[in-house]
2 protein chains.
Amino acid sequence: MTDVARAAGVSIKTVSRVVNAEAPVHPGTAAKVHAAIERLGFRRNAGARNLRTGSGTGTLGLIVEDIGNPFYSELHRAIERAAATGGRHVLAASSEGDEERERDLALEFCARRVDGLVIIACGERHDYLAAELKAGTPVVFVDRPCGELDADTVLADDEGGAAMAVAHLARLGHREIGFLGDAPEIHTTRQRLLGFRRGCEEAGIDYDERLVRLGLRARGTETDLADVSAALRDTGAATAIVTGNNRITVAALRTLAAGGRRPELVGFDDFELADLLDPPVSVVASDLTALGTTAAQLLLARTRGDRFPPKKVVLPMRLIDRSHPLPREESAP
Amino acid sequence: MTDVARAAGVSIKTVSRVVNAEAPVHPGTAAKVHAAIERLGFRRNAGARNLRTGSGTGTLGLIVEDIGNPFYSELHRAIERAAATGGRHVLAASSEGDEERERDLALEFCARRVDGLVIIACGERHDYLAAELKAGTPVVFVDRPCGELDADTVLADDEGGAAMAVAHLARLGHREIGFLGDAPEIHTTRQRLLGFRRGCEEAGIDYDERLVRLGLRARGTETDLADVSAALRDTGAATAIVTGNNRITVAALRTLAAGGRRPELVGFDDFELADLLDPPVSVVASDLTALGTTAAQLLLARTRGDRFPPKKVVLPMRLIDRSHPLPREESAP
DNA sequence: CTGTTAGCGCATTCAG
DNA sequence: CTGAATGCGCTAACAG
């Protein structure tokens, strides 16, 4: 900017005024400044400006397990759209399911002074964020609650969703229902299992823990697939299976594709082409757009200075019943 | 930092030294500083540091059409991984296929002084980036070339891929092959059509433009789906179809699911569950990991100061033949 | 080992 | 309408 000022033969302040259209400038002077800007390829340094004005970096941080997982990338899109409404961009990163990496990312983003942080937590403890929260960086936890922190939270009703899944299968006449879940350390896994048990109870089905397998990681490796296959074999007595997340659902489908008739399946979270498989796959799904939008809006509200006690939102899950291939189904997302 | 210094009863420079472990500090002093840091919840301001050191923001910008599209989110993941190698984070944004938005995002990211920019271009002109390039912000175009700019480029061999697709279908005995493509303004569409024609020629098939439909946008809306349906109807004489991108493939599959027997299909770019559909869907696919990694590494190299003439990389596409459901297929990505 | 000074690029005073 | 001085939070270059 100093260079521009020199080139245009004016003071740096005048350049600043032109660049920010902050005050009337003599047209002739403005023209000279614009010419200099063009010639020098000047572009205002957003970081420096931010340092001076303290007006926020215009950035929201997003930490998910794996940005390549459609579940998260769809969430990312919803957050991006809502963030754009508030003139913000999104700095996204994958924790890879590593608690320490999650922590490093969160603190790194805070160091960059993001205007807010959206975290899909894999870690259990988040007290390290207490200082940042108090210092004014709003944080919202999505899909999974935080540990030991009084922050905004937007969850899906996993417990209710799982109960719905079981009820649905019971309606179809199933009595031997299995559950294939992710690591029990994950909050959603526990909630879904709770709902599963409640669903069984409500349907008058004895909960049979031999049909339940937890701790299935399904991030795409061969061994993950083998684990899911083994779990399916172990729970072979089940005539129907509830799968605890979209990765497990896909892994199960891949395993089952080899065999003959497929047990009835209800997956957690919708996925593209679920309706085009044979047979189609029913799911209980959270509304990712609502989840992401709500989270981003909470952040934006706090950024605007709104003060309210930490909000705990729980959004309902929806059963997408594809078990009757008779009428044409509505489309997947 | 000044606050910390006061609280610890030392100079600001000492705090700086402790924070950056830049020079030996008396253990006792260091302890006091650490205590103050803890107490005040101090975290070094990355923006200010960057302003002073001019050492780069540790950020790569990524501009895609739609970050929620699995094609792009997978690319995003590859770029994130490679960026992490160089200690960089990724600022990602969707252009929504809007040339002007693409431009705004690119310039905004430059204003934020990203260390490099990865663009999957929807626009045709990029001369507005010439100044930034010269000023030292490296830019790499992925999947589609840039217009009027001498920048690094990493493309897939779309032309070869399309020819492979046709050859494959010809091998299966098809002579009436259709092509459903995206907007002809998009470089990949043109290349793929070129390859399609070459494939036809090489297979001794007369190119029949009545079996070709371009300009199909398939970003998920109802009208998009209707357009693809109509195009499929128009090209009904074809016994086999090549679909020009993953969205069109899915839209076509959804349309065709209603009818009886499906024409043979070869899609551009792989998608999850392609192998589990009935019948499975063969595709020609680019290696998104290679695409993303190559792009990020080019950027990182230039960030390190490497000077080399703009590199034009073309990666081969791969035919994933799923037309013989006899042996078990390998998994989708 | 520690402190002082200056300045990164910009915007905000306050004077012309 | 325009400009000079001051400081955002931090670090580099020097002193002590």
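Within every chain, numbering begins at 1; the chains are lettered A, B, ... in the order of the sequence lines, protein sequences first and strands thereafter.
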Practice task
Would you kindly give the CG-to-P distance between B/Asn45 and C/dC8, to the nearest whole Å?
Solution key: 18 Å
Practice task
Give a yes/no on whether any side-chain N or O of B/Asn50 is located under 4.0 angstrom from OP1 or OP2 of C/dC8.
Solution key: no
Handout entry: Under 3.5 Å donor-acceptor pair, B/Arg17 side-chain atoms to C/dG3 base atoms
Key = yes
Practice task
Report yes if a side-chain nitrogen or oxygen of A/Thr53 is closer than 4.0 Å to either non-bridging phosphate oxygen (OP1 or OP2) of C/dA11; otherwise report no.
Solution key: no
Problem - Presence of donor-acceptor pair under 3.5 Å, side chain of B/Arg52 and base of C/dG7 - result: yes
Handout entry: Geometric cation-pi criterion, A/Arg247 with A/Phe71: 6.0 Å, 45°
Key = no
Practice task
Would you confirm whether A/Thr153, through its side chain, and A/Ala151, through its main-chain N or O, come within 3.5 Å as a donor-acceptor pair?
Solution key: yes
Problem - B/Arg49 side-chain N/O to C/dC8 phosphate OP1/OP2 under 4.0 Å - result: no
Exercise for the section: To the nearest Å, give me how far apart CZ (B/Arg6) and P (C/dG3) are. Expected result: 15 Å
Practice task
Check the distance between C/dT2's P and B/Ile12's CD1 and give it to me in whole angstrom.
Solution key: 16 Å
Problem - Under 3.5 Å: donor-acceptor pair, side chain of B/Ser286, backbone of B/Ala156 - result: no
Practice task
Could you check B/Leu51 against A/His26 and say which one's nearest nucleotide on DNA chain D is further toward the 5' end?
Solution key: A/His26
Practice task
Ignoring hydrogens and angles, state whether a donor on the side chain of B/Asn20 or B/Arg44 is under 3.5 Å from an acceptor on the partner side chain.
Solution key: yes
Practice task
Compute whether any side-chain donor of one residue and acceptor of the other, for B/Ser94 and B/Glu65, lie under 3.5 angstrom apart.
Solution key: no
Problem - Within 45° cone of B/Tyr72 ring axis and under 6.0 Å: A/Arg77 NZ or CZ - result: no
Practice task
Taking B/Asp152 for its side chain and B/Lys311 for its backbone only, find out whether a donor-acceptor pair lies under 3.5 Å.
Solution key: yes
Problem - Outermost nucleotides of DNA chain D that come under 4.0 Å of a non-hydrogen atom of chain B - result: D/dG9 to D/dA13
Handout entry: Sorted by number, the residues of residues 27-40 of chain B with heavy-atom contact under 4.0 Å to DNA chain C
Key = B/Thr29
Exercise for the section: May I ask you to say what A/Val19 touches in the nucleic acid, namely base, sugar-phosphate or nothing, with a heavy-atom cut-off under 4.0 Å? Expected result: nothing
Practice task
Return the value, rounded to whole Å, for the distance between atom CD of B/Glu22 and atom C1' of C/dG3.
Solution key: 13 Å
Exercise for the section: Indicate the ring-plane relationship of A/His89 and B/Phe109, choosing parallel, tilted or perpendicular according to the 30° and 60° boundaries. Expected result: perpendicular
Handout entry: Check: B/Leu300 main-chain N/O paired with B/Arg302 side-chain donor or acceptor under 3.5 Å
Key = no
Exercise for the section: Would you mind telling me which residue lines up with the more 5' stretch of DNA chain C, A/Phe42 or B/Pro24, judged by nearest nucleotide? Expected result: B/Pro24
